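Below you'll find the structure, written out as structure tokens, and then a few comments.
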Amino acid sequence: MKKYWLLIWAVVVATSGCLKGQDDPVFPSPDLTIPQDENVTLQSALPFPIGAAVNNGLIRSRAPYRDVVIKEFNSLTAENAMKFSQLHPAENTYTWTEADFLVEFARQNNKRVHGHTLIWYKNPPSWVMNYQGDAAAWDRLLKNHIQTVISHFKGKVVSWDVVNEAIAENGTLRDCIWLQKLGPEYISKSFIYAHEADPDALLFYNDYGHEYGPTKRNGILKLVNDLKAQGVPIHGIGLQMHTRYNMADKNIADAINTAAATGLKVHIAEVEISMNPDNIQDLTYSAGLAAQQKAKYEFLVRTFNAIPKNQQFGITTWNVGDSDSWIRGEYNRPDWPLPFDDNYNRKAAYQGILDGVK
Ligand code: XIL
């Protein structure tokens with residue numbers, strides 16, 4: 001009798017496994033991981049800083065996440081904790097706890113901290129949106145925010161995205177509260193105020209879409225070149241590189257090489273490589289897709305590694321494992337954009353990053 005039960009159990013297990021393999025969308029990630037070599041880590045293998053955007057909640061609650069951050073990366077960016085709304089939710093209130101936690105975690109584990117971000121069209125809190133004041137009052141508001149934040153982290157945060165995403169898709173300045181209240185000079189003022197508060201900090205202009213094509217890219221390049229020509233203290237250009245597996249290599253190379261041609265430091269600041277840009281709800285992450293993702297990460301790293309050494313600020317991935325990525329929530333779709341899978345195992349993409357410097 002016992003034997004029969006065992007047989008039935010075996011059949012049920014075998015068929016359910018089979019059905020799962022065929023019919024279920026594989027989401028979260030299937031096991032398409034590469035063997036773990038304990039002697040190799042990203043930070044030990046790469047000749048430039050390698051960072052991750054991190055989420056404090058995950059550092060606190062998920063040991064494998066924390067372990068991978070400590071082991072693999074040597075630079076950290078706060079995914080959200082240093083944005084305007086998070087740090088400065090009311091006119092006379094600054095909330096440092098979360099950002100301080102991250103900075104302390106970085107200090108204990110010997111990681112560089114890149115600050116993200118001081119001025120961004122998307123993130124002003126409602127008190128800023130409703131603020132009443134003349135141009136001088138808006139100027140003071142901008143200056144106070146930037147200088148209070150930079151001074152708080154002086155000596156602990158080596159670099160800042162001073163202004164984020166100021167250029168629209170058509171290459172002109174994006175309409176935003178800062179442009180409306182202060183005119184185009186809000187950008188140069190932001191850099192000047194930041195530099196006054198910490199002359200040692202490296203100051204970046206950060207944006208996405210350099211790889212889309214010349215229209216937006218030329219707008220970004222004109223902005224940073226004009227700032228340089230005016231003697232504004234700007235030291236780096238951040239390419240977010242929220243990109244996709246089928247982005248042409250040429251576009252990625254043009255993005256990186258034109259940024260390097262400015263002479264500024266280059267930060268690939270928020271990279272992930274989406275595998276489902278068409279939002280297919282039942283897409284399966286396959287070995288074929290994993291191989292394409294690996295090739296794209298490898299190309300990106302190879303291209304970055306070829307720019308002059310003193311301009312290589314580093315490459316930062318936008319979070320760590322596939323399930324941590326903002327992409328799934330932002331676009332409400334299955335996706336697997338990062339070098340680690342949902343369980344923090346190394347994917348082929350990880351090997352692609354290593355191969356990019358061979
Ligand atoms: C995103 C975060 O990943 C999300 O958690 C948050 O809800 C919205 O912002 N460009 C940027 C980043 O400069 O700050 C954004 O981060 C992603 C796009």
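From a predicted model like this one, the values you see are computed outputs, not experimental measurements. Residue indices begin at 1 and follow the sequence shown.
Tested against P233, the residues I192, L227, L202 include a single side chain to side chain contact (heavy atoms under 4.5 Å, CB included) partner, I192. Here the rule is ring-ring contact (aromatic ring centres under 6.0 Å, His included) with H242, and of Y331, Y212, W326, Y208 only W326 fits it. Checked against H114 for a ring-ring contact (aromatic ring centres under 6.0 Å, His included), the options W160, F73, F313 give a single hit: F313.
Using cut-offs of 30° and 60° for the angle between ring planes, the W127 and H88 rings count as tilted. Using bins of under 30°, 30° to 60° and over 60° for the plane-to-plane angle, the ring pair F153/W96 lands in the perpendicular bin.
Scanning for salt bridge (charged side-chain N to carboxylate O under 4.0 Å, His left out) contacts around R112 gives an empty result, with sequence neighbours left out. Contacts of D67 classified as salt bridge (charged side-chain N to carboxylate O under 4.0 Å, His left out), with partners at least two apart in sequence or in another chain: none. Q180 pairs by the side-chain contact (heavy atoms from CB on, under 4.5 Å) definition with D175, I177, not counting sequence neighbours.
Counting non-hydrogen atoms of other residues, nucleotides and ligands closer than 6.0 Å to CG of N130 gives a total above 12. By the 6.0 Å contact criterion, NZ on K250 is open, its count of non-hydrogen atoms from other residues, nucleotides or ligands being 12 or less.
A cation-pi arrangement is present between R60 and F101 under the rule of less than 6.0 angstrom and at most 45 degrees off the ring axis.
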- Task: Decide yes or no on side-chain contact (heavy atoms from CB on, under 4.5 Å) for M82 and V157, but give the supporting numbers first.
- Result: CA-CA 11 Å; M82 290 187 186; V157 170; 4.1 Å; yes
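Classification of K294 and D355 as a salt-bridged pair holds, one side-chain N sitting under 4.0 Å from a carboxylate O. The existence of a salt bridge linking K71 and E38 is confirmed by a sub-4.0 Å separation between a basic side-chain nitrogen and an acidic carboxylate oxygen. By the 4.0 Å N-to-carboxylate-O rule, K181 lies too far from D139 to be salt-bridged with it.
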